[in-house]
Structures are given as C-alpha cells and as structure tokens.
Amino acid sequence: MPTRLNLDLWYARMAPMDKVYDHKKIEDKIYGRWEEKGYFKPEVNPDGALYSIILPPPNANAPLHFGHAMYVIEDILIRYHRMLGDAALWLPGADHAGFETQFVFEKQLQSEGKSRFDYNRETLYQMIWEFVQKNRGGMEGQLRKLGFSLDWSRMKFTLDPDIIAIVYKTFKKMYDDQLAYRAERLVNYCTFDGTSFSDLEVIYEERKDPLYYIKYGPLTLATTRPETKFGDTALAVNPDDARYKKYVGEEIEIETVLAKARIKVIADEYVDPTFGTGVVKITPAHDFNDFEVGKRHDLPMKQVIGFDGKMNEHAGKFAGLYVKQARKAVVEEMQKKDLIEKIDENYIHRIALCYKCKNVIEPLPMEQWFVKMEPLAKEAIDAVRTGKIKIHPKTFEKLYFQFLENIRDWNISRQVVWGIRIPAWMCEKCANWTVTEGPTPENCSKCKSKDLVQDSDTFDTWFSSSQWPFATLMTTDYRLQPTAVDSRRSTISDFERFYPTTVMETGYDILRWWVARMIMVGLYVTGKQPFDNVVLHGLVNDPYGKKMSKSRGNVINPMELVDQYGADAVRFALVYGNALGNDQALSYSKLEAMRKFSNKLWNIGRFIEMNKVSGIKYQVLSIEDLKKIAKHGNDKIWIEKVEKWVGQISDYIDKYQFNLAAENLYENIWHGFADFYIEDVKSRIDEDSYLILTTLYIILLKLLHPFMPFITEELYQKITGECDSIMISSWPKHD
RNA sequence: GGAUCCCUAGCUCAGUUGGUAGAGCGCUUCGUUUACACCGAAGAUGUCAGAGGUUCGAGUCCUCUGGGAUCCACCA
C-alpha cells in the first residue's frame with residue numbers, strides 16, 4: 001500500500017514534463033518531503049565518517065539578507081559529504097542579537113508613544129521575547145526556501161535555558177581563573193540610548209569644530225573640549241620638547257573660570273609636539289588616551305559629566321547643563337576672563353558617533369566586566385600557526401594574527417535588558433562580588449551578608465556566540481542506530497561525537513568579532529579547537545558594487561530573487577564566477593543565465609524522458625557496467641569524460657573551490673554533454689546507448705545536486721522512477 | 001595614521017604550484033517546425049592599471065607609483 005507521499009510522487013512521475021522548467025511547481029513541495037523523511041539528520045549515515053558544520057546563527061528577529069544566502073557554501077559541503085556517506089550534521093540556530101533587537105523593539109514602542117522606561121526589567125524582557133517569537137519563523141522559513149539541509153530537530157536559540165547555563169558556567173570558570181575581572185574603564189557611552197558600545201559599534205564622522213587655544217597659567221594649550229577642563233588632573237608635554245622642559249614635574253598655578261587652581265605638568269611620549277602648542281590637558285575620566293596617560297602616571301580620575309549627558313557638581317555653576325550647552329557657556333565665560341588666546345574655527349577632526357542614533361559618543365568611566373585576552377589569544381594564535389586550524393583562503397590568516405597580536409581586554413558588559421544577565425551579585429555591605437553558575441547565591445562569599453544585588457548588565461551578544469560550537473553540541477544528542485549485537489537505541493551527546501566540528505563557514509567581515517573569539521573561548525573551555533577549518537566567503541554587494549545597507553536604501557531581499565529565478569539558480573549564481581573570499585556584485589544577468597541553465601538541465605531530462613516513453617527503461621548501472629556495454633566509440637569517450645569530471649568536481653569541492661566546480665559543471669553539462677553528446681546520440685539511440693546516456697546524466701545530476709538540490713531531485717526521481725531521494729544517494733565513484 | 005584586498009574583453013568576474021589569456025551577459029553573421037528560441041553553429045573584442053626588477057619565460061613572484069573598496073586605530 002503506497003503512502004500518500006509515494007502517491008504524490010507517482011503522480012508527479014507520470015505527469016508529462018513541461019517544455020519549460022518552472023521552479024515554482026517544484027521547489028516548495030520537495031523540501032517538506034526531505035524534512036519529513038528525516039534526511040537532514042546525520043543519523044541517515046549512522047556509520048559514516050563524522051562531518052559537521054554549525055550554522056552561524058542568524059538574528060532570530062530579522063529577515064535574511066544576502067550574507068545568509070552565502071551559507072549555500074555550507075549546504076554544498078554538507079550535501080556532498082552526506083552523499084559520500086558521512087554522518088553529516090548541519091546544526092541550525094538563531095541569535096538573540098542583544099542590542100540590535102532591543103533597538104528595533106524600542107523603535108516600535110516609540111511609534112506607539114511609549115518607551116522602555118515605562119516598563120520594569122522583567123516585563124520588558126518578556127515583551128521582547130514575545131516580539132522575537134513572533135518574527136522568528138520568518139528567518140527559518142527562508143532558510144528552508146533556499147534548500148538548506150539543516151537538521152531542524154537540533155535547532156538552538158542563544159537564549160535557550162540549557163545554552164544560558166553553559167554561558168554562566170563559562171563566565172564562572174573565567175572568574176575563578178581570574179580571567180574575568182571588574183574594572184573601571186572608559187566606555188563608549190551613548191547618553192541618548194543609555195548604554196555603552198564596543199569599539200566596533202562606534203562610527204566616526206569628520207566634522208569641523210572650533211579648536212580653542214586656552215591659557216593655563218604660563219602655558220597655552222589647544223582643545224576641542226573646554227567643558228571637560230573641570231576634570232583635568234594634569235597637563236602633559238612631550239619629554240623631548242625643549243620649550244617645556246622646565247615645567248615637567250612642577251605644579252603650576254592657573255586661573256580658571258571657577259577659581260585659581262594648581263595643576264601638575266607631566267611628560268609623556270603620547271604628546272605630539274607639533275600639534276597645537278605641544279601642551280595637552282589630561283582628563284582621564286573623559287578621554288581614552290588621557291585615561292591611558294592617567295594610568296601610566298597614576299593620575300586621579302575626576303568625572304565631570306554624568307550618564308545623563310549633563311555636567312555634574314564638579315562643574316560648579318555649569319552643573320546641570322548638557323555638554324554642548326556647557327561648552328558654549330564655558331567658552332563665553334573664558335572669553336570674558338580673557339583666558340582664550342585664539343580660536344581656530346576650521347579645525348577638522350573625527351568624532352565618535354553612536355552607530356544607532358548618530359548622537360555623539362561620550363567616553364565615560366564605568367565599572368564593567370572584562371575578560372583578560374592575552375592568554376586566550378596566545379593559544380588561538382598557536383592553533384592556526386601550527387595548522388590545527390586552517391583558514392581558507394589562507395590570506396585571511398594575516399588579519400587574524402594582526403587582530404590577536406594587538407588584542408585588548410574584552411568588555412563583556414552591556415547595559416541592555418535583552419540578553420543573558422550576568423550571574424554576579426554585589427554585596428551591599430562589603431562590595432565584594434559573588435559569581436555563580438546561575439542560581440542566586442544565599443549570601444556574600446566574603447562577609448556572608450544577605451544583602452546582595454545582581455549586576456543589572458547582560459553579556460555582550462558575542463560572549464554567548466563565542467561559545468556557540470560547543471554549547472550547541474553539548475545540549476543536543478546523537479541517536480545511535482540499533483546494531484545487530486545491540487538492538488537497543490541509545491544516545492550520546494553530539495559534543496562527544498562531533499566536536500571539534502569540521503568547518504566553520506562565515507563572512508570574512510566577522511573573522512575577528514566572532515571566529516577569533518570562538519577559537520579563543522572554545523580552546524579555553526574545552527581544551528580543543530572548536531573547528532578544524534575556517535572557510536570565509538566575501539560580501540554580496542548591490543549591482544553597482546556598493547555595500548548593501550539600510551541607510552543607502554539599496555538592500556535587495558534574497559527571497560524575491562528566489563521567487564523570480566528559483567532557489568537553485570540563486571544558489572548557483574552565488575558561487576559561479578566568484579572565488580572564495582572575494583566580494584561580488586549581485587548580477588541579474590548571471591541570475592538569468594543560471595535560470596536558463598536550470599532550464600537546459602530540465603530539457604536534457606525531458607529528452608531522456610521522452611525516449612523512455614518510447615519503451616526503453618532505465619536501470620541502475622555503474623560506470624564499470626557502462627564500460628562493458630559500450631560499443632560505440634563516442635559512448636566510450638563520454639563515459640571516460642564523465643568519469644574524469646567526477647574526480648575534478650570532487651577535488652574542487654574538497655579544496656573549497658566552489659566557483660571552479662560550478663563553472664566546470666555548467667560548461668561540461670551544457671557545452672559538452674548537451675551540445676555534443678546528446679546531438680551525437682540522438683541519431684543513433686538504441687537500448688545500450690540510452691542506458692549509457694541516462695546513467696551518465698544521473699551521475700551529472702548527482703554532481704550538481706549539492707549546488708542545485710531541488711531540480712536535481714525532481715529530475716532524479718522522474719528519470720529513475722525511484723522514490724528514494726538523490727540527496728541520500730551515493731556520490732559517484734572516482735579515483 | 002596602520003593594515004588587507006582589488007584594478008584582466010563594453011559590463012560582472014574566473015584564471016590551481018610562473019609556460020605567450022577564459023566564462024557569463026552584451027555584440028556580429030548564419031541556422032533550426034520534433035529536449036530546449038530560456039536553442040544551435042561560427043565570429044570579433046584585451047600593452048592582464050602604470051613603471052621597474054627576478055627569470056629562458058610573469059596576469060601569476062618582488063619593489064615603487066596611481067585608482068578603488070574594506071577593516072583597524074584614532075591625536076588633544
């Protein structure tokens with residue numbers, strides 16, 4: 001009794017083939033069938049070699065962009081290895097994308113006339129959770145549309161409780177090992193969004209601002225920020241600057257807008273004697289360089305700007321003014337007191353802006369959690385140097401080393417709600433921090449007081465992402481098939497089986513943000529590298545070669561192209577003619593060409609199908625079988641050609657040369673197999689030549705399947721009359 | 001300021017370890033009622049950014065110059 005599924009197939013097989021290939025009739029129905037049959041699970045090849053890729057988790061809350069479509073490379077690898085008989089795991093996931101998501105959510109609140117300050121922490125978190133759950137299916141459906149053979153039964157979310165538990169554990173371990181520590185550091189603080197940003201999240205803009213030459217007693221210095229003068233704790237000059245040698249180490253008396261004061265003069269290499277007057281005021285609490293200078297010279301920190309963006313009590317009568325207002329007021333006052341020598345109105349410099357709201361970033365001192373990076377970076381450098389991890393293309397190793405060799409400690413605290421809350425509690429009695437693996441501690445680990453307050457911050461999203469390869473595998477299981485000797489089914493963790501994973505494939509733009517951090521944290525927590533190979537693809541730009549971005553308004557939705565050209569054509573176009581790691585401009589003519597290629601492929605199938613109807617039937621044969629039955633010289637030649645192609649294509653995929661594989665498939669199938677072989681066979685077709693033609697075609701479909709999964713599946717089933725899927729058929733043999 | 005990548009046919013891009021240039025689209029001419037006009041055959045098109053060097057030989061390796069892109073650091 002055929003199942004409903006098989007009946008569908010049977011009808012499909014009996015239907016005459018359309019003259020023109022219509023992807024819309026084919027693609028949607030096929031994916032569901034694969035999924036239903038469980039073909040995406042590594043368990044389809046329980047005894048195969050282990051091969052695994054963890055999908056870089058897309059933002060759960062946002063639709064896919066073209067960068068995600070490039071994950072087709074992972075699907076090619078996974079489908080290829082699955083057909084080779086490997087137990088191939090491709091594990092999907094979704095990222096909570098901390099600040100990004102909270103920002104989008106707050107925009108929506110804003111449009112409803114509300115703000116995050118109208119809700120308490122728990123309510124806000126719950127609201128964002130529901131917001132994300134509502135949008136989450138969109139991204140997953142799009143991955144399906146692209147034909148990605150992900151094992152959905154192992155889907156993970158970065159905020160799943162079992163993932164969070166692992167993140168806590170890692171943090172606790174870092175704390176116990178004194179890698180995670182608390183320190184006051186200047187952060188890029190946006191007083192508008194009320195949060196700090198990593199250096200990577202700050203954008204810079206060139207602006208023309210006044211440069212004020214201010215008198216400090218006997219000295220004059222140039223500054224763009226006179227309002228921070230209340231926080232000055234020293235003046236600095238270059239140690240080799242003869243003009244100022246006599247002042248170094250002295251305290252000088254200065255007139256200020258508030259009162260007379262004394263300030264000391266120090267010498268530091270950081271000062272450029274050719275800029276301005278060669279004298280710099282040092283404000284450790286409000287400037288990154290000054291902070292460093294302050295640490296070197298043990299200067300006090302004096303914060304004069306608050307987190308609300310207003311001057312605080314140290315600014316005397318200027319307290320309460322916003323920075324911009326204060327600057328104006330201070331300058332006016334100084335002019336009155338004749339403390340300004342001159343103003344250069346045409347000074348051009350770069351200022352830091354919030355990448356979300358474009359407001360000026362204020363460097364402010366804050367207590368934060370940091371991770372000490374040098375020891376972790378050292379191991380990560382070694383892992384690549386010694387070849388334990390290989391980066392493809394190799395040229396990206398330079399970027400990797402450059403980043404790790406100059407690494408700074410990692411600030412992992414974020415002042416957002418949408419994320420994993422840091423499991424650290426401060427004692428209100430003794431100010432000691434108690435860190436746990438999640439649960440609220442009973443009392444302070446030092447003074448045993450019960451007055452504990454949890455840090456309100458959450459982890460930087462990249463902190464949880466850096467643990468993704470092992471965290472996902474530790475929380476999923478591999479189902480072992482019953483064997484002859486042991487009929488019971490059993491499970492072991494995916495971690496035991498698949499870690500380290502085989503390949504991490506992602507865009508080169510997040511090599512340092514993510515890949516390097518995964519290597520460091522993976523090595524630290526598990527003692528093993530998280531993956532053996534890093535494969536990096538380039539960016540997909542708009543048709544004019546410009547980076548797609550919302551602000552430019554040139555973002556193209558990959559799903560629209562899938563509708564228009566078919567997922568197979570989009571997939572093929574993304575790898576064809578684009579060497580790994582290079583950027584590409586989206587090309588409509590290429591997409592069109594690849595759509596025509598799928599039509600060509602379809603019509604080869606149609607030709608074969610029409611000859612089957614005339615009475616000749618397909619049977620499963622190997623290349624060796626074909627060699628035995630081949631009598632005609634041309635048949636023999638084409639059998640050998642196809643055999644050679646199998647080796648070539650396999651080789652290209654093994655070397656991550658997907659473009660060459662795709663180009664060769666295109667060229668060989670169209671301008672070899674179709675233009676010459678079919679034209680030749682056409683006039684002399686008999687049972688043997690039909691078998692040879694058909695078998696070679698099936699082999700070509702298999703070679704093409706990792707690239708164009710849908711159409712090859714449809715044709716495979718039509719031609720062979722099999723209900724089995726091409727995706728679990730075996731890769732053709734070659735030397 | 002530091003770094004990386006790119007500059008190859010009109011356009012978008014390939015070109016494996018150095019052996020006198022390739023694809024797609026476009027262009028020209030011709031052909032085809034039966035696998036496909038979303039087709040086939042034939043053809044034109046390049047001082048491989050520029051200059052120097054290494055080599056018997058360089059698009060490919062080295063140096064410099066010019067142009068573009070990206071990343072990092074950010075100078076009061």
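Lettering of chains follows the sequences in order, A, B, ..., and the numbering in each one begins at 1.
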Between the side-chain atoms of A:Lys682 and the base atoms of B:A35, is any donor-acceptor pair under 3.5 Å? yes
So A:Trp670 and A:Phe597, would you call those rings parallel, tilted or perpendicular, with 30° and 60° as cut-offs? parallel
So does A:Arg595 reach the base of B:C38 with its side chain, donor to acceptor, closer than 3.5 Å? yes
Ion pair A:Lys590/A:Glu663, N-O distance below 4.0 Å: no
Using atom names, set out every protein N or O paired with an N or O of nucleotides 5-7 of chain B below 3.5 Å, distance rounded to 0.1 Å.
| residue | atom | partner | partner atom | Å |
| --- | --- | --- | --- | --- |
| B:C5 | OP1 | A:Thr395 | OG1 | 3.2 |
| B:C5 | OP1 | A:Lys398 | NZ | 2.9 |

Watson-Crick and G-U pairing of RNA chain B, under 3.5 Å, as dot-bracket with | and [ ]: (((((((..((((.....[..)))).((((((....).))))).....(((((..]....))))))))))))....
Look at the side chain of A:Glu679 against the base of B:A41 and say whether a donor-acceptor pair falls under 3.5 Å; ignore hydrogens and angles. no
Which part of the nucleic acid does A:Asp675 contact within heavy-atom distance under 4.0 Å: base, sugar-phosphate only, or nothing? sugar-phosphate
Base, sugar-phosphate, or nothing for A:Phe396, non-hydrogen atoms under 4.0 angstrom? nothing
When only distance counts, do a donor and an acceptor, one from the side chain of A:Lys19 and one from the base of B:C36, lie under 3.5 Å apart? no
For A:Asp232, all residues meeting salt bridge (Lys or Arg N to Asp or Glu O under 4.0 Å), sequence neighbours excluded: A:Lys281
Does the plane of the ring in A:His392 sit parallel, tilted or perpendicular to the ring in A:Tyr656? Use 30° and 60° as the thresholds. tilted
A:Asp241/A:Arg243 salt bridge by N-O under 4.0 Å criterion: yes
Closest to the A:Asn659 side chain: B:G15, B:A23, B:C25? B:G15
